[in-house]
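Worksheet for the structure shown next.
Bear in mind the structure is a predicted one, so any value in this text is a computation, not a measurement. Every chain is numbered from 1, with letters handed out A, B, ... down the list of sequences.
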Amino acid sequence: MRLERKDLLGIRDMSRDELDLILDTAGPMKDIIGRDLKKVPALRGKAMVTVFYENSTRTRTSFELAGKYLSADTVNLAVATSSVQKGESLRDTIKTIEVMGFDLIVIRHSMTGTPHYVARNTSMRVINAGDGTNEHPTQALLDMYTIREKKGTLEGLKVAIVGDILHSRVARSNIYGLSKYGCELRVIGPSTLMPAEIEKLGVKSYHNLDQALEGVDVVNVLRVQRERQQSGLFPSLDEYANLYMLSPARLRRAKEDVLVLHPGPMNRGVEISSSLADGAQSVINEQVTNGVAIRMALLFLMMGGTRDEITN
Amino acid sequence: MLDPANDINAVMDVLVEDGIIKELKVNIIDPDAVVVDATGKYVCPGFIDMHVHLREPGFEYKEDIASGTRAAAIGGFTTVCCMPNTDPVIDNAAVVSFVRQRAARSGVVNVLPVGCISKGQAGAELTEMADLVAAGCVAVTDDGKPVAQAHLMRNALDYARMFDLPVLSHCEDIGLVGDGQMHEGHFSTLYGLKGIPAAAEEVMVARDIILAGMTGGHIHICHASTRGSMELVREAKARGVWVTCEVTPHHLLLTDEIVGDYDTDTKVSPPLRSAEHVMALRAALLDGTVDCIATDHAPHHWESKDCEYNLAANGISGLETAVAAILDGLVEQGELSLEEMVRLFTTGPAEVLGIDKGSLDVGADADITILDPEIAKVVDPERFYSKGRNTPFKGRTLKGWPCMTIVKGRVVAQDGVIVGG
């Protein structure tokens with residue numbers, strides 16, 4: 001099997017078969033990361049470029065590393081020092097990159113829909129590494145992989161997503177992905193950070209964290225950005241922490257074997273208590289490792305061959 | 001023949017002489033006349049679009065009076081009102097004269113300028129409205145920019161009242177709009193774009209109605225797009241407030257669902273709304289709440305649409321598709337009678353503006369629009385006369401098109417082609 005689509009722009013329009021294929025392919029990729037010699041020739045001769053119009057530590061590094069483990073030539077376009085600073089349009093930047101011969105572009109952009117625009121205008125394959133407040137598909141895939149690895153299945157799990165749901169592309173991609181596996185989804189946050197008609201996405205929304213944590217299998221904690229407070233959406237980080245910080249005491253309402261996820265970077269003491277971030281239930285570091293495996297799987301399925309090739 | 005102003009809906013002939021309507025009668029026989037055979041078609045008073053951005057002067061790369069009026073003629077319009085957010089803005093008599101001269105020289109339909117409410121559209125000082133009226137303005141507006149200060153709108157309504165001048169209001173509370181990109185609702189949540197709530201429009205509609213009631217001035221709500229706006233206008237009309245409103249074909253026919261591909265041609269201000277709002281607008285067409293249909297024709301250069309959604313300009317190039325879209329989407333579907341449609345494009349806007357247009361009165365200018373209800377065509381922006389190809393109707397097959405446009409007795413457009421270039 002291989003991924004037939006040209007681009008990976010979001011989880012929303014993906015089928016469960018496609019998601020299964022990616023998650024299943026990430027397993028053998030993770031084995032490669034665990035080896036002493038972490039290199040396979042699967043994508044030798046292929047070239048990819050990461051273009052990040054927004055800051056990133058883990059997503060960008062893990063895409064680059066994933067490409068390198070698979071022997072693709074990987075290049076980072078440093079947007080801060082590129083022609084973008086001279087006012088070049090996105091259309092021209094993308095065309096320039098395309099004619100250099102890249103097979104695939106990984107793009108992050110602060111504006112929703114930009115990877116879709118790029119995909120329509122280039123023959124390169126496009127992976128969305130986060131667009132505005134829309135989707136962050138590889139984050140959701142690595143979250144799903146992490147949960148599935150620990151719990152054995154995604155089917156029917158109760159998952160809570162806590163924080164700034166309104167602006168979170170991680171939340172959207174997780175909702176679109178997990179709902180395809182019949183998870184019971186709960187989103188929790190202040191009403192000013194909750195999108196319009198959120199329950200139409202098949203989730204239940206809560207403003208009270210304690211209530212929402214009752215009996216959940218997984219809690220995914222979102223980063224809260226200071227600029228949201230400054231734009232008047234909530235009064236202070238202190239009040240936010242009082243109402244929504246995940247702490248050991250609050251987590252006792254969840255199932256005993258609950259998993260705590262966070263996409264990073266964390267604000268310790270704001271959305272998650274420090275002890276919990278480093279605690280036994282936290283899988284935050286595993287998420288990062290799995291992120292490399294998931295991105296290897298995607299690059300392989302999009303630029304290389306079939307899953308059988310890597311497992312046999 | 002359909003002439004709502006004279007209550008005519010019958011098979012008849014019209015005789016035009018020297019650009020004037022000479023006679024309306026069943027079976028006119030005049031051996032010297034050139035005969036236009038409109039059998040099986042609808043002969044109507046020339047359509048009026050009271051909300052058009054012709055972009056000249058200043059933005060001729062988007063549109064100019066020559067291209068915009070040709071687009072109007074193709075779309076079945078014999079009269080357009082041009083909005084003043086040009087460069088320089090139309091805020092004094094000199095610019096009005098310039099626009100009228102350009103229209104006389106390069107235009108092919110009647111162009112009625114609309115002046116600014118405030119000098120430089122800066123939202124501070126009133127324009128010299130008496131002078132604007134004397135120069136030929138039929139209304140005032142700061143369209144494109146809402147009048148943020150309530151006291152300025154109060155003064156504008158109060159002052160314009162002396163000249164029976166309608167004040168056209170682009171109703172949007174800028175703070176509530178924020179950096180929103182589409183209607184706020186289920187689809188903004190689904191697509192991850194920042195939403196613009198219906199309330200952003202409604203709070204200002206409410207404010208302007210209150211101010212119109214207080215001053216006795218005439219407020220006209222531009223491109224009204226929400227259920228709440230319709231309720232406010234309906235209620236105010238019942239109380240006798242001098243309020244009128246227009247709706248656009250795109251707000252009547254398209255919903256926010258189509259934003260899903262992030263196609264920037266779907267980006268417009270106010271945004272395409274959800275189905276519930278679309279249904280409310282359609283209901284308001286039928287009960288008299290809506291006075292007219294106007295395009296808010298907003299042509300843009302391709303570069304300002306071929307970019308990131310957030311960076312794309314707002315607006316739809318609407319002149320060439322408006323009538324066909326309404327014929328196909330509402331009349332053909334049985335939701336709106338042809339007579340009602342003609343009224344909304346003729347006497348409706350003429351009454352809002354207080355102009356002597358929109359009828360086939362004997363002695364009136366021979367502005368005539370002929371519709372062919374049977375012809376079906378695909379919307380192909382590449383063939384537009386407008387310089388703006390930005391339309392979300394592209395690729396759709398529409399049934400029912402204007403087939404002839406006559407301005408002051410002269411055929412300016414026929415079968416989708418401008419006559420005489």
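Checked by atom type, the side-chain pair His51(B)/Glu246(B) shows a donor-acceptor distance below 3.5 Å.
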Exercise for the section: Could you go through the side chain to side chain donor-acceptor pair (under 3.5 Å) check for Glu308(B) and Thr114(A) one step at a time? Expected result: CA-CA 5 Å; Glu308(B) 297 89 328; Thr114(A) 302; 5.3 Å; no

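Each of Thr133(A), Ile198(A), Asn134(A) has some count of heavy-atom pairs under 4.5 Å with chain B, and the biggest count is that of Asn134(A). Comparing Thr189(B), Asn310(B), Asp261(B) by how many heavy-atom pairs each has under 4.5 Å with chain A, the most go to Thr189(B). Interface summary for chain B: among Ala196(A), Ser89(A), Ser231(A), the most heavy-atom pairs under 4.5 angstrom belong to Ala196(A).
A ring-ring contact (aromatic ring centres under 6.0 Å, His included) with His223(B) holds for exactly one of His53(B), His170(B), His251(B); it is His170(B). Checking each of Val106(A), Ile127(A), Leu104(A) against Leu8(A) for a side chain to side chain contact (heavy atoms under 4.5 Å, CB included) leaves exactly one that passes, namely Ile127(A).
Contact of Asp306(B) with chain A is made through backbone and side chain together, with heavy-atom distances under 4.5 Å. With a threshold of 4.5 angstrom between heavy atoms, Arg120(A) approaches chain B through side-chain atoms but not through N, CA, C or O.
Note that OG of Ser386(B) is 9.5 Å distant from CG of Leu54(B), once rounded to the nearest 0.5 Å.
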